[in-house]
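Below: one structure, written as C-alpha cells.
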Amino acid sequence: MSAPKQITLRVNGSEHPLLLSPDTPLLYALRNDLGLNGPKYGCGLGECGACTVLVDGRAARACILPVGGLGRREITTLEGLGDLAAPDPVQQAFIECQGAQCGYCLNGMIMTVRALLNRKPEADEADIRRELRGNLCRCGTHLEILASARRAVELEGQRRASCAAAATPGPAATGCATANTARAPAPETARAATVDTVLASTLVRY
C-alpha cells in the first residue's frame, strides 16, 4: 500500500477526515475507522455483495473500492438509509416480509434494492431478479428476499406519491429529501476515473 495521507470521506451526509493509504478498501475505513458495521466482509473479492454501499446512489462493492478516489462522492451505508423511527422503504419492506435468516447478506440485499429503486422506482420482477443475481444468500432465504424487494417497490411508490402530494412551498415532507438519489458524477480526474472503472466492473451486473 502507498503511504498514508489525509483523506476526507463524505459518509451518510457528514465529512470524515481520516489518515489512510489511498489504496485502503472503503470497507475497512467504514468498519474500522468509522464504526459503521452495516456493510459486512464476505468474500473480499467483490463477488458476494455483503459489503455493498451506495456511491452517488449506485450500488458499490466496498471491499474492493479504494478510498483514494472517493473524497468528492456521496457514500451511503445501511446506517444512513433510515432508523427505527423512520426506516427507508426498503428497510421497512424487509422487516415486514421477514427477508432475513442469519442476516449476514441482508446489508447487500437492502442496499442493492435501494440502488435499483433510485434508478427505476417501478421495478418489476425481472428487474429485481436481475439486480440481485450478484448477491449471495447462503441460508437460502431467496423467496423472502424477493417478496421483500417486491414490497419495497410498493412502499417506494407510496412514499413518492406522498412526497409529490406534499410538494408545496415550505419545508420538505418527512422522508422526501434523502441522500440516496443518484447524483451527477464528480468532475473527471484520474482518481475519479479509476473509481468509475471499479464501479463499472464490480457492481451488480445490470
> Would one find more than 12 heavy atoms of other residues, nucleotides or ligands at under 6.0 Å from atom CG of L19?
Replying inline: yes

> Can you hop from L146 to L116 via hydrophobic side chains spaced under 4.5 Å?
Replying inline: yes

>> Could you tell me if the side chain of L34 sits less than 4.5 Å from the side chain of L18, heavy atoms only?
In response: yes

> For P89, does its backbone N or O pair with a side-chain atom of E156 as donor and acceptor, under 3.5 Å?
Replying inline: no

> Below 4.5 Å, heavy atoms only, C-beta onward: do E144 and C97 meet side chain to side chain?
Replying inline: no

> Should K40 and R31 count as side-chain neighbours, where that means a heavy-atom distance under 4.5 Å?
Replying inline: yes

> If you round to the nearest 0.5 Å, how far is CG of L78 from CG of N37?
Replying inline: 10.5 Å

> Are L36 and N12 close enough that some pair of their side-chain heavy atoms sits under 4.5 Å apart?
Replying inline: yes

> Which atom names give the shortest non-hydrogen contact between M109 and L132, and what distance separates them?
Replying inline: SD-CD2, 3.9 Å

> Looking at SG of C51 and CG of L45, how far apart are the two atoms once the value is rounded to the nearest 0.5 Å?
Replying inline: 10.0 Å

> Which atoms form the tightest heavy-atom contact between E79 and G38, and what is the distance?
Replying inline: OE2-N, 2.7 Å

> Considering all heavy atoms of both residues, which atom of A152 and which atom of V113 are nearest to each other, and what is their separation?
Replying inline: CB-CG1, 4.1 Å

>> Side chains of D127 and E122, heavy atoms from C-beta outward: is any pair under 4.5 Å?
In response: no

> Roughly how far, to the nearest 0.5 Å, is the CG atom of D33 from the OH atom of Y28?
Replying inline: 12.5 Å

> If you round to the nearest 0.5 Å, how far is CG of L26 from CG of L70?
Replying inline: 5.5 Å

> Just wondering, do I7 and T24 contact through their side chains at under 4.5 Å, heavy atoms?
Replying inline: no

> Among V90, L117, D124, which residue meets the side chain to side chain contact (heavy atoms under 4.5 Å, CB included) test with V153?
Replying inline: L117

> Is a side-chain N or O of Y104 found less than 3.5 angstrom from the main chain of Y41, in a donor-acceptor match?
Replying inline: yes

> Any idea which heavy atoms bring T76 and V53 closest together, and the distance?
Replying inline: O-CB, 3.5 Å

>> Can you tell me if E125 has over 12 outside heavy atoms packed within less than 6.0 Å of its CD?
In response: yes

> Any donor-acceptor pair under 3.5 Å linking the side chain of D23 with the backbone of S2?
Replying inline: yes

> What heavy-atom pair brings G134 and R61 nearest, and what distance separates the two atoms?
Replying inline: O-NH2, 3.3 Å

> Which of these passes side chain to side chain contact (heavy atoms under 4.5 Å, CB included) with R73: L9, L54, L65, D56?
Replying inline: D56

>> To check you understand the geometry: which heavy-atom pair defines the closest contact between L81 and M111, and what is its length?
In response: CD1-SD, 3.5 Å

> In Å, rounded to the nearest 0.5 Å, how long is the span from SG of C43 to CG of L136?
Replying inline: 7.5 Å

> Would a distance-only check, ignoring hydrogens and angles, find a side-chain to backbone donor-acceptor pair under 3.5 Å from Q92 to R151?
Replying inline: no

>> Just verifying a value: how many Å separate T52 OG1 and L106 CG, rounded to the nearest 0.5 Å?
In response: 11.5 Å

> If you measure from the Lys or Arg side-chain nitrogens to the Asp or Glu carboxylate oxygens, is any gap between E154 and R150 under 4.0 Å?
Replying inline: no

> Heavy atoms, side chains only, cut-off 4.5 Å: are L155 and E96 in contact?
Replying inline: yes

